[in-house]
Protein chains: 2
Amino acid sequence: MRVSTRGEYGVRAMFDLALNFGKGPIALKTIAERQMVSESYLEQLMAELRKAGLVHSKRGAQGGYELADRPVNVSIGEIIRVLEGPITPVDCLDTDTERGPYCGTPERCVLRNFWRELQDSMTQVLDNTTLEDLRQDAYRLEVAE
Amino acid sequence: MRVSTRGEYGVRAMFDLALNFGKGPIALKTIAERQMVSESYLEQLMAELRKAGLVHSKRGAQGGYELADRPVNVSIGEIIRVLEGPITPVDCLDTDTERGPYCGTPERCVLRNFWRELQDSMTQVLDNTTLEDLRQDAYRLEVAE
DNA sequence: TCATTTCCCACTAAATAGGTAGGAATTGAA
DNA sequence: TTCAATTCCTACCTATTTAGTGGGAAATGA
């Protein structure tokens, strides 16, 4: 029932980009240092986020990464799905891949419904929180001090 | 963001015991066959559930396992915690173990709060669903046919 | 007595997690 | 035009976790 470091680091990096949105590209090195994450490991994650269209990159000197869209349009769920795959507590909920939608006995569907409920409560939080929400939380935190 | 087969099989087995609650001990072999799970693998899981006090066992001929308590008193969350450990999407939420409660920068606490929200929504479902709820779902399913 | 059943321990193959290393390609600035 | 900064790409690596298997000792009802 855990998010791996892929998801966790990815969210940290995207949150960092959200806090610096509008300032032009941010170098991977900067993000990695600020978020205390291995640079070359994070690089791989950023490559996946780029291919998924969540960030834009600029090569060469003064290059770096920036959000492809405004923070309000990026949910945490999107980030997690790119880095961790579909949000499904158990395989039989996963209709996209070939992990099968039906599980044999009718009693088993009772369990399937339960897992679906769990899935819904997770996606509810994940898909309804955006980077903008987190950015505002951070802002409020700063003001309060 | 997945439950491993440990949790999934464990819940299946406990659900099976709930459906057969009051009928005396059920042999591991029977559960394994009904739930289509490897017998010796399930055996290890049952051992952990027994040590955690969730099931009672009886050795020898006519032996087997049965719920230690009425289905209404067993939540799915308990089962999952025994077999998968604490329900924490990320380490910094885990105050029980030595994974640390505090994460460095104040901005990071924004993320911590977010993960906490996710955790809450998960435990909400997991801890408020009991084996009795599932048993009744199964009963209703049967009646409807 | 004996078939049945739990209990216990050791082992293992494959996948996943969490990285490292090195170099090619691009680009802004001096 | 050169060069340092930076992304991009591929390959590789180690430890841990996952999902089991196998064998035998101990208990117990018939």
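These numbers come from the heavy atoms of this one structure, side chains and all, not from hydrogens, waters or symmetry mates.
Between the side chain of B:Glu43 and the base of C:dC8, a donor-acceptor pair under 3.5 Å is found. For C:dT26, the base has no donor-acceptor partner in the side chain of A:Gln62 [N/O atoms by modelled type, under 3.5 angstrom].
Atoms CZ (B:Arg6) and C1' (D:dT16) sit 14 Å apart, rounded to a whole Å. Rounded to an integer number of Å, the gap from CG of A:Leu45 to P of D:dC9 is 15 Å. Separating the CG atom of A:Leu42 from the C1' atom of D:dC8 is a distance of 14 Å, rounded to the nearest angstrom. Distance OH (B:Tyr41) to P (D:dG22): 16 Å, rounded to an integer number of Å. Going from atom CD of B:Glu48 over to atom P of D:dT17 covers 14 Å, rounded to whole Å. Following rounding to the nearest Å, A:Arg59 (CZ) and D:dC9 (C1') show an atom-to-atom distance of 9 Å. Atom CD of B:Gln44 is separated from atom P of C:dT12 by 15 Å (rounded to the nearest Å). Rounded to whole angstrom, the span from the CE atom of B:Met1 across to the P atom of C:dA17 amounts to 12 Å.
Of the candidates A:Glu66, A:Met14, A:Glu48, A:Met14 is the only one forming a side-chain contact (heavy atoms from CB on, under 4.5 Å) with A:Val55. For the side-chain contact (heavy atoms from CB on, under 4.5 Å) with A:Pro71, the lone residue among A:Leu131, A:Leu134, A:Asp133 that qualifies is A:Leu131.
With distances taken from any side-chain atom of B:Arg50 to the nucleotides D:dT7, C:dG18, C:dC8, the minimum falls on C:dC8.
Using a 4.0 Å heavy-atom cutoff across all strands shown, A:Lys58 reaches sugar-phosphate atoms only and no base atom.
A sub-4.0 Å separation between OP1 or OP2 of C:dC7 and a side-chain N or O of B:Tyr65 is present. Residue B:Arg2 has no polar side-chain atom (N or O) positioned under 4.0 Å from OP1 or OP2 of D:dT17. The side chain of A:Thr5 places an N or O atom within less than 4.0 Å of a non-bridging phosphate oxygen (OP1 or OP2) of C:dG18. OP1 or OP2 of D:dT6 has not a single side-chain nitrogen or oxygen of A:Ser57 nearer than 4.0 Å. The phosphate of D:dA19 has neither OP1 nor OP2 within less than 4.0 Å of any side-chain N or O from B:Ser38.
Mapping A:Ser4 and B:Ala47 onto DNA chain C by nearest heavy atom places B:Ala47 at the nucleotide closer to the 5' end. Mapping A:Gly60 and B:Ala27 onto DNA chain C by nearest heavy atom places B:Ala27 closer to the 5' end of the strand. Both A:Lys51 and B:Ala61 lie close to DNA chain D; mapped to their nearest nucleotides by heavy-atom distance, the more 5′-ward contact belongs to A:Lys51.
Between the OG1 atom of B:Thr123 and the CD1 atom of B:Ile76 there is a distance of 14.0 Å, given to the nearest 0.5 Å.
Between B:Arg112 and A:Asp137, none of the side-chain N atoms (NZ, or NE/NH1/NH2) sits under 4.0 Å from a carboxylate O, so this pair counts as no salt bridge.
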Salt bridge (charged side-chain N to carboxylate O under 4.0 Å, His left out) evaluation trace for B:Glu132 with B:Arg135 | CA-CA 5 Å; B:Glu132 177 64 18; B:Arg135 205 187 60 73; 2.9 Å; yes

